[in-house]
Amino acid sequence: MEFDFLKPKKLRIFTVEDDSDFAFLIHTTLNREDDIVVIGHASCEAEAFQKLPGLKPDLVLMDLNLSSSPSDGIVTGRRIRLKTDARLVILSGYEDTSIVVNACKQTFASGYLFKSQFEILPDALKRMSAGPTPQLALIRSLILSDLSAAEQTVLELMLGADITLHSSAKTIANQKSSILKKLGLRSQEELLHLFRYY
(Lines give C-alpha, C1' and ligand atoms only; values in the text may rest on other atoms or scores of the structure.)
Protein backbone atom coordinates (compact mmCIF):
# COMPACT_ATOMS: atom_id res chain seq x y z
CA MET A 1 0.00 0.00 0.00
CA GLU A 2 1.33 3.44 -0.93
CA PHE A 3 0.83 6.54 1.17
CA ASP A 4 0.85 10.08 -0.17
CA PHE A 5 2.63 11.85 2.68
CA LEU A 6 2.65 15.12 0.74
CA LYS A 7 -1.11 15.26 0.37
CA PRO A 8 -2.31 18.25 2.42
CA LYS A 9 -4.83 17.72 5.18
CA LYS A 10 -8.25 19.11 4.42
CA LEU A 11 -9.57 21.91 6.62
CA ARG A 12 -12.56 20.43 8.48
CA ILE A 13 -15.33 22.98 8.96
CA PHE A 14 -18.58 22.87 10.93
CA THR A 15 -21.19 25.58 10.34
CA VAL A 16 -23.77 27.12 12.66
CA GLU A 17 -26.32 29.09 10.65
CA ASP A 18 -30.10 29.33 11.07
CA ASP A 19 -30.81 30.41 7.46
CA SER A 20 -30.98 27.11 5.56
CA ASP A 21 -30.58 28.74 2.13
CA PHE A 22 -27.47 30.63 3.20
CA ALA A 23 -26.09 27.50 4.88
CA PHE A 24 -26.54 25.64 1.58
CA LEU A 25 -24.64 28.42 -0.22
CA ILE A 26 -21.79 28.21 2.32
CA HIS A 27 -21.54 24.44 1.98
CA THR A 28 -21.69 24.50 -1.81
CA THR A 29 -19.01 27.18 -2.01
CA LEU A 30 -16.62 25.64 0.50
CA ASN A 31 -16.97 22.07 -0.75
CA ARG A 32 -15.75 23.21 -4.18
CA GLU A 33 -12.34 23.81 -2.60
CA ASP A 34 -9.87 20.92 -2.81
CA ASP A 35 -8.51 21.56 0.67
CA ILE A 36 -11.76 22.26 2.56
CA VAL A 37 -14.53 19.89 3.63
CA VAL A 38 -17.72 20.84 5.49
CA ILE A 39 -18.26 18.02 7.98
CA GLY A 40 -21.48 19.15 9.64
CA HIS A 41 -24.06 21.83 10.24
CA ALA A 42 -26.35 23.07 13.00
CA SER A 43 -29.08 25.69 12.95
CA CYS A 44 -29.04 26.40 16.68
CA GLU A 45 -26.91 26.03 19.82
CA ALA A 46 -28.60 22.84 21.04
CA GLU A 47 -28.09 21.09 17.71
CA ALA A 48 -24.47 22.28 17.57
CA PHE A 49 -23.63 20.68 20.89
CA GLN A 50 -25.36 17.45 19.92
CA LYS A 51 -23.11 17.11 16.87
CA LEU A 52 -19.80 18.83 17.68
CA PRO A 53 -18.29 16.38 20.21
CA GLY A 54 -18.11 13.53 17.73
CA LEU A 55 -17.03 15.54 14.70
CA LYS A 56 -13.98 17.43 16.01
CA PRO A 57 -13.77 20.18 13.37
CA ASP A 58 -10.70 22.35 12.90
CA LEU A 59 -12.85 25.44 12.58
CA VAL A 60 -16.43 26.43 13.41
CA LEU A 61 -17.98 29.05 11.12
CA MET A 62 -20.98 30.62 12.79
CA ASP A 63 -23.54 33.35 12.46
CA LEU A 64 -24.27 35.66 15.40
CA ASN A 65 -27.93 36.01 14.56
CA LEU A 66 -29.28 32.66 15.75
CA SER A 67 -32.35 34.32 17.27
CA SER A 68 -33.45 37.93 17.61
CA SER A 69 -30.22 39.18 19.15
CA PRO A 70 -26.47 38.88 18.51
CA SER A 71 -25.98 38.19 22.23
CA ASP A 72 -27.25 34.62 21.79
CA GLY A 73 -24.68 33.99 19.08
CA ILE A 74 -21.95 35.42 21.30
CA VAL A 75 -22.89 33.08 24.14
CA THR A 76 -22.95 30.12 21.74
CA GLY A 77 -19.60 31.06 20.21
CA ARG A 78 -17.95 31.36 23.60
CA ARG A 79 -19.28 27.95 24.64
CA ILE A 80 -17.98 26.43 21.43
CA ARG A 81 -14.51 27.84 22.13
CA LEU A 82 -14.57 26.55 25.71
CA LYS A 83 -15.97 23.11 24.93
CA THR A 84 -14.09 22.23 21.74
CA ASP A 85 -10.60 22.46 20.27
CA ALA A 86 -11.87 24.26 17.16
CA ARG A 87 -11.05 27.77 16.12
CA LEU A 88 -14.05 30.05 15.72
CA VAL A 89 -14.75 32.40 12.82
CA ILE A 90 -17.86 34.56 12.92
CA LEU A 91 -19.70 35.16 9.63
CA SER A 92 -22.37 37.75 10.26
CA GLY A 93 -24.55 40.40 8.72
CA TYR A 94 -23.83 42.65 11.70
CA GLU A 95 -21.33 45.30 10.59
CA ASP A 96 -21.70 47.68 13.54
CA THR A 97 -18.26 48.26 15.09
CA SER A 98 -19.42 47.83 18.68
CA ILE A 99 -20.99 44.44 17.89
CA VAL A 100 -17.90 43.27 15.98
CA VAL A 101 -15.54 44.25 18.82
CA ASN A 102 -17.72 42.78 21.56
CA ALA A 103 -18.30 39.52 19.67
CA CYS A 104 -14.59 39.00 18.97
CA LYS A 105 -13.59 39.74 22.56
CA GLN A 106 -16.29 37.66 24.22
CA THR A 107 -15.96 34.59 21.98
CA PHE A 108 -12.14 34.60 21.66
CA ALA A 109 -12.69 34.27 17.91
CA SER A 110 -9.97 33.80 15.32
CA GLY A 111 -11.72 36.12 12.92
CA TYR A 112 -14.86 38.00 11.92
CA LEU A 113 -16.21 38.27 8.38
CA PHE A 114 -19.22 40.17 7.09
CA LYS A 115 -21.71 38.25 4.98
CA SER A 116 -21.23 41.00 2.41
CA GLN A 117 -17.63 39.70 2.04
CA PHE A 118 -18.80 36.23 1.07
CA GLU A 119 -16.62 36.07 -2.06
CA ILE A 120 -13.43 36.02 0.06
CA LEU A 121 -14.72 33.36 2.48
CA PRO A 122 -12.72 30.29 1.29
CA ASP A 123 -9.42 32.16 1.12
CA ALA A 124 -10.01 33.90 4.46
CA LEU A 125 -10.75 30.62 6.23
CA LYS A 126 -7.60 29.02 4.82
CA ARG A 127 -5.49 31.96 6.01
CA MET A 128 -7.06 31.96 9.47
CA SER A 129 -6.47 28.23 9.88
CA ALA A 130 -2.89 28.32 8.61
CA GLY A 131 -1.45 30.42 11.42
CA PRO A 132 -1.41 33.86 13.03
CA THR A 133 -3.04 36.65 11.06
CA PRO A 134 -3.20 40.42 11.61
CA GLN A 135 -6.87 40.02 12.54
CA LEU A 136 -5.98 37.48 15.21
CA ALA A 137 -3.36 39.85 16.64
CA LEU A 138 -5.91 42.66 16.75
CA ILE A 139 -8.47 40.47 18.54
CA ARG A 140 -5.83 39.48 21.11
CA SER A 141 -5.07 43.17 21.63
CA LEU A 142 -8.77 43.90 22.16
CA ILE A 143 -9.00 41.15 24.77
CA LEU A 144 -5.91 42.41 26.60
CA SER A 145 -7.18 46.01 26.55
CA ASP A 146 -9.36 45.23 29.57
CA LEU A 147 -6.29 44.31 31.64
CA SER A 148 -3.85 46.65 33.34
CA ALA A 149 -0.18 46.61 32.26
CA ALA A 150 0.71 44.61 35.37
CA GLU A 151 -2.10 42.13 34.71
CA GLN A 152 -0.95 41.68 31.12
CA THR A 153 2.51 40.74 32.41
CA VAL A 154 1.01 38.25 34.86
CA LEU A 155 -1.15 36.85 32.04
CA GLU A 156 1.99 36.15 30.01
CA LEU A 157 3.38 34.34 33.05
CA MET A 158 0.18 32.28 33.31
CA LEU A 159 0.53 31.42 29.62
CA GLY A 160 4.01 30.02 30.21
CA ALA A 161 6.33 32.96 29.48
CA ASP A 162 9.67 32.95 31.30
CA ILE A 163 9.18 36.13 33.30
CA THR A 164 10.60 37.14 36.69
CA LEU A 165 8.16 39.23 38.70
CA HIS A 166 9.19 41.31 41.69
CA SER A 167 5.71 41.53 43.18
CA SER A 168 4.75 39.54 46.26
CA ALA A 169 3.10 36.15 45.89
CA LYS A 170 -0.11 37.61 47.31
CA THR A 171 -0.12 40.46 44.77
CA ILE A 172 0.44 38.03 41.90
CA ALA A 173 -2.33 35.75 43.18
CA ASN A 174 -4.70 38.72 43.37
CA GLN A 175 -3.77 39.76 39.84
CA LYS A 176 -4.41 36.23 38.55
CA SER A 177 -7.86 36.29 40.14
CA SER A 178 -8.54 39.72 38.63
CA ILE A 179 -7.50 38.52 35.17
CA LEU A 180 -9.86 35.55 35.29
CA LYS A 181 -12.69 37.75 36.55
CA LYS A 182 -12.19 40.40 33.86
CA LEU A 183 -12.08 37.75 31.13
CA GLY A 184 -15.09 35.92 32.56
CA LEU A 185 -13.19 32.68 33.10
CA ARG A 186 -13.38 30.15 35.93
CA SER A 187 -9.86 28.74 35.90
CA GLN A 188 -6.36 28.96 34.47
CA GLU A 189 -7.16 25.82 32.46
CA GLU A 190 -9.91 27.71 30.61
CA LEU A 191 -7.52 30.59 30.02
CA LEU A 192 -4.84 28.30 28.58
CA HIS A 193 -7.42 26.64 26.34
CA LEU A 194 -8.75 29.90 24.95
CA PHE A 195 -5.34 31.50 24.39
CA ARG A 196 -3.92 28.47 22.56
CA TYR A 197 -4.31 30.19 19.18
CA TYR A 198 -3.21 33.71 20.18
Side-chain angles (χ1 to χ4, degrees), residues 11-14 16 45 48-49 52-53 56-62 64 69-92 94-114 117 123-198:
L11 175 61
R12 294 163 51 83
I13 293 178
F14 184 91
V16 185
E45 179 180 8
F49 282 100
L52 277 170
K56 297 183 179 179
D58 301 309
L59 187 151
V60 173
L61 179 67
M62 71 165 289
L64 283 183
S69 166
S71 61
D72 290 338
I74 290 172
V75 170
T76 300
R78 187 179 179 90
R79 281 195 65 205
I80 287 170
R81 285 285 285 112
L82 283 167
K83 300 294 184 183
T84 76
D85 291 327
R87 296 182 188 221
L88 178 75
V89 174
I90 297 167
L91 178 63
S92 176
Y94 290 112
E95 299 189 9
D96 180 86
T97 301
S98 62
I99 293 177
V100 173
V101 169
N102 187 50
C104 288
K105 286 174 64 175
Q106 295 300 319
T107 62
F108 291 79
S110 290
Y112 191 114
L113 295 169
F114 300 143
Q117 299 175 297
D123 185 56
L125 295 181
K126 292 174 192 179
R127 290 176 183 274
M128 289 175 188
S129 68
T133 62
Q135 194 172 111
L136 191 67
L138 288 170
I139 293 171
R140 187 183 200 277
S141 179
L142 287 172
I143 294 168
L144 296 185
S145 67
D146 290 333
L147 307 180
S148 68
E151 288 169 343
Q152 290 185 32
T153 302
V154 172
L155 172 63
E156 296 304 324
L157 180 70
M158 295 171 75
L159 295 175
D162 186 12
I163 298 173
T164 300
L165 300 178
H166 300 290
S167 304
S168 69
K170 182 178 180 181
T171 297
I172 294 172
N174 288 339
Q175 288 171 329
K176 287 181 177 181
S177 296
S178 177
I179 290 166
L180 294 176
K181 183 177 180 180
K182 286 182 178 180
L183 297 181
L185 303 176
R186 294 175 295 181
S187 66
Q188 185 165 337
E189 287 71 27
E190 285 190 347
L191 183 142
L192 290 172
H193 180 78
L194 291 175
F195 273 87
R196 230 174 38 158
Y197 297 127
Y198 291 104

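Keep in mind it's a predicted model, so treat the numbers as computed, not measured.
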message: Given 3.5 Å as the limit, does a donor-acceptor pair link the side chain of Gln135 with the main chain of Tyr112, or not?
response: yes

query: So how far is it from Asp123 CG to Met128 CE, rounded to the nearest 0.5 Å?
result: 9.5 Å

query: Any chance the rings of Phe108 and Phe195 have centres within less than 6.0 Å?
result: yes

- prompt: Do Phe14 and Asp58 come within less than 4.5 Å of each other through their side chains, counting heavy atoms only?
  reply: no

query: To the nearest 0.5 Å, what is the distance between CG (Leu183) and CG (Leu194)?
result: 8.5 Å

More than 12 heavy atoms of other groups within 6.0 Å of Lys83 NZ: no

field: Minimum-distance pair of heavy atoms, taken over all atoms of Ile13 and Pro57
entry: C-CB, 4.4 Å

message: Is the shortest side-chain heavy-atom distance between Leu191 and Ile179 below 4.5 Å?
response: yes

Polar side-chain atom of Thr76 near backbone of Asp72 as donor-acceptor pair, under 3.5 Å: yes

query: Is Arg79 close enough and on-axis enough to Phe49, meaning under 6.0 Å and within 45°, for cation-pi?
result: yes

Flag, side chain of His193 to backbone of Gln188, donor-acceptor distance under 3.5 Å: no

query: Side-chain contact, heavy-atom cut-off 4.5 Å: Tyr197 with Arg81?
result: yes

task: Apply the test side chain to side chain contact (heavy atoms under 4.5 Å, CB included) to residues Lys176 and Val154: give CA-CA distance (whole Å), side-chain angles for both, the deciding distance (0.1 Å), then the verdict.
output: CA-CA 7 Å; Lys176 287 181 177 181; Val154 172; 3.7 Å; yes

Tell me which donor-acceptor pairs under 3.5 Å the side chains of residues 139-148 have, and how far apart each pair is, sequence neighbours excluded?
| unit_1 | atom_1 | unit_2 | atom_2 | d |
| --- | --- | --- | --- | --- |
| Arg140 | NH1 | Glu156 | OE2 | 3.4 |
| Arg140 | NH2 | Glu156 | OE2 | 2.9 |
| Ser145 | OG | Leu142 | O | 2.5 |
| Asp146 | OD1 | Lys105 | NZ | 3.3 |
| Asp146 | OD2 | Lys105 | NZ | 3.0 |
| Ser148 | OG | Glu151 | N | 3.1 |
| Ser148 | OG | Glu151 | OE1 | 3.4 |

- line: Heavy-atom closest pair (Arg87 atom, Ser110 atom, distance to 0.1 Å) is CB-OG, 3.6 Å

- request: Verify, without hydrogens or angle tests, whether Thr171 (side chain) and Ser167 (backbone) share a donor-acceptor contact under 3.5 angstrom.
  value: no

- request: Evaluate the side chain to side chain contact (heavy atoms under 4.5 Å, CB included) criterion for residues Val89 and Val60: first the C-alpha distance (whole Å), next the side-chain angles of each, then the deciding distance (0.1 Å), finally the verdict.
  value: CA-CA 6 Å; Val89 174; Val60 173; over 6 Å; no

message: Assess the residue pair Leu91 and Met62 against the criterion (side chain to side chain contact (heavy atoms under 4.5 Å, CB included)); give the C-alpha distance rounded to whole Å, side-chain angles, the decisive distance to 0.1 Å, and a yes or no.
response: CA-CA 6 Å; Leu91 178 63; Met62 71 165 289; over 6 Å; no

field: Which atom of Pro53 lies closest to which atom of Ala48, heavy atoms considered
entry: CD-O, 4.5 Å

- request: With side chain to side chain contact (heavy atoms under 4.5 Å, CB included) as the test, would you mind laying out the steps for Leu11 and Ser129 before giving the verdict?
  value: CA-CA 8 Å; Leu11 175 61; Ser129 68; 3.6 Å; yes

task: With sequence neighbours left out, write down each residue that passes side chain to side chain contact (heavy atoms under 4.5 Å, CB included) with Lys56, or none if nothing qualifies.
output: none

- prompt: What are the two closest non-hydrogen atoms of Asn102 and Ile74, and how far apart are they?
  reply: ND2-CD1, 3.5 Å

statement: So CG of Leu113 and CG of Leu125: to nearest 0.5 Å the spacing works out to 6.5 Å

- prompt: Who pairs with Glu190 by side chain to side chain contact (heavy atoms under 4.5 Å, CB included), at least two apart in sequence or on another chain?
  reply: Leu82, Leu185, Arg186, Ser187

